[in-house]
Structure formats: structure tokens, C-alpha cells
Amino acid sequence: MVDYDLSENALVGLVTLALEGQEGIRLVQPGARGVGDLIPGRRAKPVRVEREGENLTVDLMVCVDYGKPIPDLAKEAQRCVTETLTASTGLKVRAVNITVVAVEYKEPNAA
């Protein structure tokens with residue numbers, strides 16, 4: 001039997017991939033200013049994964065499109081992230097916490 005460990009970067013990468021195909025919701029860009037930037041010595045990350053044994057807790061900071069139902073977008077993102085992490089790692093996802101930090105308006109004909 002092979003023993004292995006998953007780095008936090010690998011878990012963050014899986015979360016990012018899980019959200020790539022979602023319409024109306026996306027991770028906050030790392031360069032965006034947020035509350036974490038205002039507190040000295042602390043930098044906010046759009047994805048944070050905590051692992052306790054075989055359990056994962058995921059915290060996401062996201063932007064959503066104006067006019068989209070936020071609860072529906074959040075539930076779908078939670079489902080996608082949970083399924084991706086469980087299928088890819090075999091670990092149990094205890095929670096996917098989502099914080100909406102921005103609502104963005106897009107022009108109807110914008111690319």
C-alpha cells in the first residue's frame with residue numbers, strides 16, 4: 001500500500017477546478033482588495049482549506065453576477081466543491097463556507 005499526503009496547494013487547485021465551469025459565480029481574484037488587506041499582517045485568500053485528519057473544511061471568497069439568485073449559486077458551488085474533493089481525494093468534506101464579497105454588473109452584450 002502506498003502512503004501519500006495532499007498539499008494544501010493541491011486541494012486549492014481541486015477547488016478552483018470545481019468552480020471553473022460555474023456560471024454567475026467565481027473566486028475573488030488574488031489581487032482584489034478586501035478586508036484582509038486592511039488588517040496589518042494579514043492577507044485574504046480566495047480559497048482556504050483546513051484539514052483535520054480525514055475531514056476538510058473549505059472557505060471560499062467569491063464574486064457573483066448581478067441579477068443571479070445568490071442562494072442558488074452558493075448551493076451549487078457547495079455541491080460541486082464537495083463532490084470534486086470527495087471523488088478526487090476520498091476525504092470527507094464537513095463544510096464549504098461561502099462569503100460573497102462582491103456583486104458585479106456585466107453589460108448584457110459584453111464578452
Side-chain angles (χ1 to χ4, degrees):
M1 179 161 185
V2 177
D3 191 22
Y4 67 94
D5 193 26
L6 293 166
S7 71
E8 182 179 348
N9 286 340
L11 295 171
V12 168
L14 288 170
V15 171
T16 303
L17 285 173
L19 290 177
E20 266 184 11
Q22 299 293 309
E23 278 193 40
I25 190 169
R26 67 205 140 279
L27 293 171
V28 172
Q29 295 303 312
R33 293 187 54 82
V35 174
D37 293 336
L38 302 176
I39 301 171
R42 191 161 170 231
R43 200 119 182 107
K45 294 181 183 178
V47 179
R48 204 173 92 229
V49 180
E50 292 181 24
R51 182 174 179 181
E52 293 179 23
E54 298 296 309
N55 298 311
L56 299 173
T57 301
V58 181
D59 295 313
L60 303 176
M61 293 175 57
V62 300
C63 297
V64 297
D65 290 343
Y66 176 79
K68 302 284 185 177
I70 294 172
D72 294 344
L73 292 173
K75 285 179 188 174
E76 181 63 17
Q78 288 172 320
R79 184 193 64 75
C80 254
V81 168
T82 299
E83 286 180 2
T84 298
L85 287 174
T86 301
S88 300
T89 67
L91 300 172
K92 181 180 179 188
V93 179
R94 294 174 68 191
V96 177
N97 304 309
I98 297 180
T99 302
V100 176
V101 297
V103 177
E104 298 178 341
Y105 178 77
K106 291 189 174 187
E107 293 294 328
N109 296 329

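As the structure is a prediction and not an experimental result, all values here were calculated from the model.
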Please list, chain by chain and in numerical order, all residues satisfying side-chain hydrogen bond (donor to acceptor under 3.5 Å, both in side chains) with E104, sequence neighbours excluded.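 Once residues adjacent in sequence are excluded, the partners of E104 under the side-chain hydrogen bond (donor to acceptor under 3.5 Å, both in side chains) criterion are R26.
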
For Y105, look at atom OH and say whether over 12 heavy atoms of other residues, nucleotides or ligands are found less than 6.0 Å away.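 Result for OH/Y105: enclosed.
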
For [X] versus [Y], what's the shortest heavy-atom pair and its separation?
X: Q22; Y: C80; value: NE2-SG, 2.9 Å
X: T84; Y: A18; value: OG1-CB, 3.4 Å
X: Q78; Y: V96; value: NE2-O, 2.8 Å

Treat each ILVMFWY residue as a node, draw an edge where side-chain heavy atoms are under 4.5 Å apart, and state whether V62 and V103 are in one component.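 Yes, same cluster.
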
Which residues share a side chain to side chain contact (heavy atoms under 4.5 Å, CB included) with L73, sequence neighbours left out: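 Partners of L73 by the side chain to side chain contact (heavy atoms under 4.5 Å, CB included) criterion, ordered by chain and then number, come out as I25, V64, K68.
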
Only one of V49, L91, L11 clears side-chain contact (heavy atoms from CB on, under 4.5 Å) with L85; which?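 Result: among V49, L91, L11, L11 is the only option passing the side-chain contact (heavy atoms from CB on, under 4.5 Å) with L85.
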
Option from L60, D59, L19 for which side-chain contact (heavy atoms from CB on, under 4.5 Å) with V47 holds: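 Result for side-chain contact (heavy atoms from CB on, under 4.5 Å) with V47: L60.
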
How long is the span from the CD atom in E8 to the CZ atom in R51, to the nearest 0.5 Å?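 One finds 11.5 Å between CD of E8 and CZ of R51.
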
So, taking the atom named OG1 in T57 and the one named NZ in K92, what distance separates them when rounded to the nearest 0.5 Å?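 Result: 10.5 Å between the selected atoms.
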
Could you tell me if the side chain of V93 sits less than 4.5 Å from the side chain of V81, heavy atoms only?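 The answer is no, as the side chains (C-beta and beyond) never meet within the 4.5 Å cut-off.
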
